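What follows is one structure encoded as structure tokens, with my remarks underneath.
What you see is a predicted model, and the numbers here were worked out from it, not measured in a lab. One-based numbering, in listed order, for ligands and for the atoms of each.
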Amino acid sequence: MALVVQKFGGTSVADAERMREVADHVARTVRRGDQVVLVVSAMGKETDELLRLAAEVSSVHPGREMDMLITAGERKAMALVCMALHHIGIDSESFTGSQAGFLTDTNHRNAKILEVRPDRIRASLDAGRVAVLGGSQGVSTDHEVTFLGRGGSDTTAVAIAHALGAECCELYTDVTGVYTTDPRVVPTARRMPTISFDELLEMTATGCPKPAMRSVEYARTHGVRLHVRSAFTWQEGTWVDEEEPDMEQAIVSAVTHDTSEAKMTLAGVPDRPGVAATVFRALADQEVNVDMIVQNVSDHGVTDISFTVPHADLASAMEHTERLAAEVGAAGVSSDDTIARVSVVGAGMRSNPGVAATMFETLSSCGVNIQMISTSAIRVSCVVDGGQVEDAVRALHEAFGLHEA
Ligand code: ASP
Ligand code: MG
């Protein structure tokens, strides 16, 4: 008998029929002799809808009330799924984040899990029931309901899997696994049977939308094996696990792209200690999420600093950086919101030279100019013109031989 956590995303529980299919799947797992903890997201686009309603009702959104509102989506889904289970004779009970023992910090709308005390969930399983958890929620150290942020149900699933020592955490979604690149851009993209935590983390950080990056981080830290799979075809998906030390690794495993960021350049910055610190501290204090920072070699005592920020933060980042430019004596600030980032990711890169060279040659041969470059031990990223990014993805996917064999 194994204990498995099964998490179903919004599209997987979008309507009554979907919920009955999910219930049937859970019933099959239970009849196989396994114990199941179920985690559900809000139905379909319900979270977006609740956010839209809040905006329509008021321009004032107290964190406490927002979290009360948003978590209602998951609460509705968990009760309905339980009813679908009862309908086919599977004993089950639903739990809010608070009831499930998810203790969080007080940061409304994006709370962090401090501790999971799964006593009630364990008791429910011991009594022979399926425990159904509302995803992405908890209770704060101030005893308030909290929301774990967008995509937080993945984190709920991984955290409860860790707290209960589950065999694995299955993340059911509307795609059949993790692909070598976005199949909408490259139809020959291949589903990967396995991938390492490190690689998936780099992929989610550079544009791969699922699973939520935070859940992959949590899974890596605590060694929770993930299985990303489809709630529509039910076929075997992608296993995410520790890298095997002596495995022959693909040099490049995946190509990702991200069009959610804009580029900013601070030109003619005086080359002396403290300038970058001043600028990036100010942006951090404004909660602007800065990425891919590149500084040029200084020439005649001045240099340029370029970096990327999410589109959503661009206006506020520009405003603050313009003020700071004057303060630190820089020549000016410019921005470009038509850029995109393309990345190649692969654990085998650690021990194989030439990946960056191949990437740059490939981009050059399709006429794509590289505006910025950044690397990690297992990733190379280039900022390119947004209009060319899909061509770049296709060319790189082909150049690294990632298409269907
Ligand atoms: N329903 C929430 C969202 O869409 C949480 C989740 O699905 O993970 O962000
Ligand atoms: Mg969701």
Side-chain angles (χ1 to χ4, degrees), residues 5-15 18-19 22 37-55 61 63-82 94-100 102 104-105 107-113 116 131-140 145-163 169-175 178 200-201 204-205 207-219 224 226-232 237 240 260 289 310 312:
V5 173
Q6 302 187 329
K7 179 259 169 178
F8 289 89
T11 49
S12 312
V13 292
D15 53 34
R18 290 293 325 156
M19 287 185 170
V22 165
V37 172
L38 210 60
V39 176
V40 292
S41 284
M43 298 169 68
K45 295 259 169 264
E46 173 129 46
T47 307
D48 292 328
E49 178 58 21
L50 293 171
L51 290 168
R52 194 195 58 74
L53 268 172
H61 300 128
R64 180 183 188 280
E65 305 314 325
M66 282 306 281
D67 286 10
M68 211 58 128
L69 174 72
I70 305 174
T71 54
E74 274 74 16
R75 191 160 170 163
K76 184 170 141 187
M78 73 191 196
L80 289 168
V81 166
C82 260
S94 64
F95 297 90
T96 64
S98 168
Q99 291 173 321
F102 279 71
T104 75
D105 64 15
N107 185 20
H108 282 292
R109 300 192 66 168
N110 205 17
K112 298 268 172 307
I113 299 170
V116 182
V132 184
L133 275 61
S136 203
Q137 51 186 278
V139 62
S140 75
V145 169
T146 47
F147 181 60
L148 305 185
R150 299 311 303 265
S153 297
D154 289 349
T155 310
T156 298
V158 173
I160 196 69
H162 168 62
C169 177
E170 302 183 325
L171 302 174
Y172 288 87
T173 166
D174 49 9
V175 290
V178 180
L200 185 58
L201 199 53
T204 55
C208 175
K210 281 174 189 171
M213 180 162 82
R214 232 170 101 192
S215 71
V216 180
E217 262 172 334
Y218 203 108
V224 178
L226 302 178
H227 188 183
V228 182
R229 53 188 301 186
S230 163
F232 291 81
V240 191
S260 70
N289 208 346

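Note: Tyr172 OH to Gln6 CD = 4.0 Å, rounded to the nearest 0.5 Å.
Proximity annotation for atom 9 (O) of ligand 1: of Arg150, Gln137, Glu74, Arg150 comes nearest, heavy atoms only.
Residue Lys7 places no N or O, backbone or side chain, under 3.5 Å from any N or O of ligand 1. Backbone and side-chain nitrogen or oxygen atoms of Gly152 are examined, and one is located within less than 3.5 angstrom of a nitrogen or oxygen of ligand 1.
Atoms of ligand 1 found under 4.0 Å from any heavy atom of Ser41 (numbered from 1 in listed order, with element): 6 (C), 7 (O), 8 (O). Proximity to Ser153 (heavy-atom distance under 4.0 Å) selects the following atoms of ligand 1: 5 (C), 6 (C), 7 (O), 8 (O).
A salt bridge links Lys210 to Asp174: at least one charged side-chain nitrogen sits closer than 4.0 Å to a carboxylate oxygen.
At least one heavy atom of Gly151 sits less than 4.0 Å from an atom of ligand 1.
Between Ala111 and Arg214 the shortest heavy-atom distance is O-NH2, 2.9 Å.
For His108, the side-chain contact (heavy atoms from CB on, under 4.5 Å) criterion is met by Arg64, Asp67, Glu144, Thr146, not counting sequence neighbours.
Side-chain atoms of Asp154 never come within 3.5 Å of backbone atoms of Ser215 as a donor-acceptor pair (strictly under, hydrogens ignored).
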